[in-house]
Each structure stands twice: as structure tokens, then as C-alpha cells.
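Before I ask anything, here is the structure I am working with.
So that the names make sense, note that chain A is the first sequence line, chain B the second, and so on, each numbered from 1. None of these values were measured; they are calculated from a predicted model.
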Protein chains: 2
Amino acid sequence: MPLTIGVLSKQTGCNIETIRYYERIGLLPGPPRSAGGHRLYGEVHLKRLTFIRRGRELGFTLDDIRGLLGLVDGGAYTCAEVKALTLDHLGEVRRKLADLRRLEQVLKHMVEECDGGAVPDCPVIDALFRATRDRMPVSPGSPRP
Amino acid sequence: MPLTIGVLSKQTGCNIETIRYYERIGLLPGPPRSAGGHRLYGEVHLKRLTFIRRGRELGFTLDDIRGLLGLVDGGAYTCAEVKALTLDHLGEVRRKLADLRRLEQVLKHMVEECDGGAVPDCPVIDALFRATRDRMPVSPGSPRP
DNA sequence: ATGGAACCTGTAGCAACTACAGGTTCAAGG
DNA sequence: CCTTGAACCTGTAGTTGCTACAGGTTCCAT
């Protein structure tokens, strides 16, 4: 009993549009279709999509995931290859953590100096008008959900 | 003595294309032009662009910054308003930090279980094929530079 | 006057989706 | 068998914060 796209969506927590998007970019193989053209997914698709979503949850890019899947598909992957990719990614995550920790400190200091008074003279604004000499990294502001 | 866009770029560390982009989206006012059409910036622009860049470094979105600038431009901002925005953002940063810390743990465990052997049987891959019940947030994979 | 650096506009591209519009198919109820 | 409406289809355009051209013009030092 094959899964429709809606059911697959519910099972994986992955948006329908996103599933079709993964197909378009060649991450998820196009499934067989019903007579009328509806997608009918099987166990394989469920597993693969789960893999992709889990990878995304762990912060891998689609390209990382493509690489991982390539290894798995080839069947010739070694634990060492996968470990290398993962360690790489772990490094990224740690860099990002360090950036955010610094950020947190700066923001914390800024609000601490702010007395919240009703006067238009704010240490935060002042701080923003001053250039940094030791520049902070411009980490991408998270796309607010 | 007005600044050309190239000089402004150097002084602020902001890419020329990005400066023009900020003008296009209405963050940075369009400066006067030379007879031939070149942009000629003044002190005001330098200050404003510095503000924008610093805001970005601190992880504010352009929309946040637009809000902050709106307050400043209005002249009627209070310290409390600014503080609220900043606290909001600090909350975001902290949420992101928490997410990344969890991520770090998971990745660390995964690579620890991985013996790096040459056999195609990897705990990392296995982990990826297993769905999470307690889902992790899909934080955007940082656009690799 | 001339050469080359710096500038101009406009468009298209990146990641990773999301959100339509405008149409077709499926399955359950009457 | 027929209707209804939810679910599906394709294709395109939008999001964020930039960057990267192409193809042309201007500036300024020699």
C-alpha cells in the first residue's frame, strides 16, 4: 500500500512542497505515479526522506546530504569517509557556537547598560553607531519563522 | 570633501555592491551625485552605514535594523523601545545557542561511536536513517563561505 | 588627449524553501 | 452513476542578504 505525498508529508514532518522540491533537485527519486499522475511512494522513499530530514535537523546542508547519500548509494562507503564529513561539520558547528557566545556577551552588556528610561539617549544605539575595530563575524541572521 | 563609493566601502568594510543594495532597498539614503552620476557620500552616510554594519555583525536582520533606524530617524525613540528590541534579539540568540549546543552533543556522540574502520557499516549513517521522535530544530545550515 | 581604474545600471544567481494560481484526480456519500 | 470537495498536479515567483557578472560611462593623472 503506497503512500500519497500527503501521508508521506505527515509521517516525515516534511512539507509537501519541500518533498516535490527535493525531487526536482534530484535528492529524492521520483516515485511511480497513479494513472492520474499522483505520486505513490514506497518504503524506500520514506527511509530516504527520513535520512534527509534528519540530516537537515543536524545542520547538514543539502549538499552535505547529497554527499552522504552518494556514499550510501555507491554502497562502497567506509566509516572513515562518513566520519570525516561529520567531523568537518562538527567543526562548523563549533565555530558558529563560538560566534554566538561572543554575540550573547555583547548583547547582554548592551542591555545591562540600558536603564530602559523614557529618554531618547540609549547606550545600545550609541554602541551601534560606533564601529568595531575587532570585527565580529556577520553570522546570517536566522530567517525568522 | 565627499566620499566616493569605493572609499566608503573601504572605511566601513562593506562591499560596494552591498552599499548599492542597501540604497535600493531603502536602508541607506541615496546620496547626491557628481555631474557624471557618481555617488558622493557625506558624514551622515558613513555613520548610517556603520550603524547598519554593526547591527548586522550583532546578528540583527535588516528588518530589525530598519526598525531601529526608524526609531532613531523619528527622533522620538525611548531607551525602553530599543531595549525591548534588543532583548528580543538576545532571546533569539540564546535559543540558537541552545540548539547548537544540543547539535554539538549529538554530532560528538555520533563520531565517538564511529571507529573509522574501512567497513561500510557506520553508526553515523545508521543514526541518520533513524527518525527522531523528539525533533531537533532545522536550523539553517550556514551558507558555507 | 589618452589610458586605465573606478564607477554606473540592470539582471541573474546562491540556499532552501514557501506560496501562490489555475487546473486535474481521487474517493466517499447520495 | 454522479457530485462534491479534499487532495493532488505543474509551473512560476517570492523570501533573505547578498554577490557576480555584462556592457557601458566617467574620472583624473599623465
Side-chain angles (χ1 to χ4, degrees), chain A residues 1-28 30-41 45 49 52-67 89 92 96 137-145, chain B residues 1-28 30-41 49 52-67 69 89 92 96 137-145:
Chain A
M1 64 292 277
L3 310 160
T4 63
I5 200 171
V7 175
L8 186 65
S9 168
K10 244 149 234 164
Q11 301 229 345
T12 56
C14 180
N15 202 309
I16 287 180
E17 323 275 48
T18 307
I19 296 175
R20 286 198 281 250
Y21 168 71
Y22 288 158
E23 180 179 331
R24 207 164 57 239
I25 65 171
L27 260 192
L28 192 65
R33 304 289 188 115
S34 74
H38 287 200
R39 289 171 178 83
L40 298 172
Y41 295 95
H45 299 94
L49 185 53
I52 296 170
R53 289 318 282 176
R54 181 88 175 108
R56 291 292 297 134
E57 283 168 13
L58 293 176
F60 289 96
T61 65
L62 290 184
D63 233 47
D64 292 335
I65 294 171
R66 204 190 290 278
H89 181 50
E92 283 273 326
K96 237 169 136 181
V138 177
S139 48
S142 55
R144 306 283 174 87
Chain B
M1 60 298 279
L3 311 159
T4 63
I5 200 170
V7 175
L8 186 65
S9 166
K10 244 148 234 164
Q11 301 231 347
T12 56
C14 181
N15 202 309
I16 288 181
E17 323 276 43
T18 307
I19 297 175
R20 287 198 279 250
Y21 168 71
Y22 287 158
E23 181 179 330
R24 208 164 58 241
I25 63 170
L27 260 191
L28 192 65
R33 303 291 188 112
S34 76
H38 287 199
R39 288 172 179 80
L40 299 172
Y41 295 95
L49 184 53
I52 296 169
R53 289 318 282 176
R54 182 87 175 110
R56 290 292 297 137
E57 283 168 11
L58 293 176
F60 288 96
T61 65
L62 290 184
D63 233 48
D64 292 335
I65 294 171
R66 203 189 292 277
L69 282 171
H89 180 51
E92 284 271 325
K96 237 166 136 184
V138 177
S139 48
S142 55
R144 305 281 172 88

Candidate pair B:Arg53 and B:Thr18, rule side-chain contact (heavy atoms from CB on, under 4.5 Å), full reasoning: CA-CA 10 Å; B:Arg53 289 318 282 176; B:Thr18 307; 4.0 Å; yes
Side chains of B:Pro31 and B:Leu40 in contact at under 4.5 Å (non-hydrogen atoms):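 They are not in contact (no side-chain heavy atoms under 4.5 Å apart), so the answer is no.
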Close side-chain approach of B:Leu62 and B:Leu27, heavy atoms under 4.5 Å: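 The answer is yes, as the side chains (C-beta and beyond) meet within the 4.5 Å cut-off.
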When you compare the protein's N or O atoms with those of nucleotides 28-30 of chain D, which come within less than 3.5 Å of each other, and at what distance?
none

Within residues 9-19 of chain B or reaching into it, pairs that qualify as salt bridge (charged side-chain N to carboxylate O under 4.0 Å, His left out) - sequence neighbours excluded: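 Residue pairs with at least one partner in residues 9-19 of chain B: B:Glu17-B:Arg20.
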Whole-Å distance separating the CG atom of A:Leu27 from the P atom of C:dC17: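 To the nearest whole Å, that distance equals 9 Å.
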Interface with DNA chain D, restricted to residues 17-26 of chain B and to heavy atoms under 4.0 Å: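 Hits under 4.0 Å, by residue number: B:Glu17, B:Thr18, B:Tyr21, B:Tyr22.
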Nearest-Å distance for atom pair CZ/P, residues B:Phe60 and D:dG17: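 One finds 13 Å between P of D:dG17 and CZ of B:Phe60, rounded.
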What does the list of N/O pairs under 3.5 Å between the protein and nucleotides 25-27 of chain C look like, with a distance for each?
from	atom 1	to	atom 2	distance (Å)
C:dC26	OP1	A:Ser34	OG	2.9
C:dC26	OP1	A:Gly36	N	2.9

Side chain to side chain contact (heavy atoms under 4.5 Å, CB included) against A:Ser9, all qualifying residues, sequence neighbours excluded: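 A:Ser9 satisfies side chain to side chain contact (heavy atoms under 4.5 Å, CB included) with A:Ile16, A:Ile19 once adjacent residues are dropped.
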Listed partners of A:Tyr41 passing ring pair (Phe, Tyr, Trp, His ring centres under 6.0 Å), at least two apart: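 A:Tyr41 satisfies ring pair (Phe, Tyr, Trp, His ring centres under 6.0 Å) with A:His45 once adjacent residues are dropped.
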Nucleotide D:dC27, atom P - distance to CD1 of B:Ile5 in whole Å: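 Result: 15 Å.
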Check against side-chain contact (heavy atoms from CB on, under 4.5 Å), A:Glu92 and A:Phe60: CA-CA 10 Å; A:Glu92 283 273 326; A:Phe60 289 96; over 6 Å; no
C:dC7 OP1/OP2 closer than 4.0 Å to side-chain N/O of B:Arg33: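 For C:dC7, neither OP1 nor OP2 has a side-chain N or O of B:Arg33 closer than 4.0 Å.
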Side-chain heavy-atom pair A:Ile52, A:Glu57 within 4.5 angstrom cut-off: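 No; the side chains remain at least 4.5 Å from each other.
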Spacing of B:Leu40 atom CG relative to C:dC7 atom C1', expressed in whole Å: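 Going from B:Leu40 (CG) to C:dC7 (C1'), I get 11 Å.
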Atom-pair distance (CG on B:Leu3; C1' on C:dA6), nearest Å: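 Whole-Å distance recorded here is 15 Å.
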Length of the CD1-C1' vector between B:Ile16 and C:dC7, whole Å: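 Atom CD1 in B:Ile16 sits about 8 Å away from atom C1' in C:dC7.
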Partners passing side-chain hydrogen bond (donor to acceptor under 3.5 Å, both in side chains) against A:Tyr21 (at least two apart in sequence or in another chain):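 A:Tyr21: no side-chain hydrogen bond (donor to acceptor under 3.5 Å, both in side chains) contacts found.
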Separation of C:dC17 P from A:Leu49 CG (nearest whole Å):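 Checked: the CG to P distance equals 11 Å.
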Rounded interatomic separation in angstrom, taking CD1 from B:Ile65 and P from D:dG17: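 Checked: the CD1 to P distance equals 8 Å.
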Below 4.0 Å: OP1/OP2 of D:dC9 and any side-chain N or O of A:Arg39: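 Yes, such a contact exists.
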Side-chain heavy-atom pair B:Thr4, B:His38 within 4.5 angstrom cut-off: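 No. Closest side-chain heavy atoms not under 4.5 Å.
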side-chain hydrogen bond (donor to acceptor under 3.5 Å, both in side chains) against B:Arg39, all qualifying residues, sequence neighbours excluded: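 B:Arg39 satisfies side-chain hydrogen bond (donor to acceptor under 3.5 Å, both in side chains) with B:Glu23 only.
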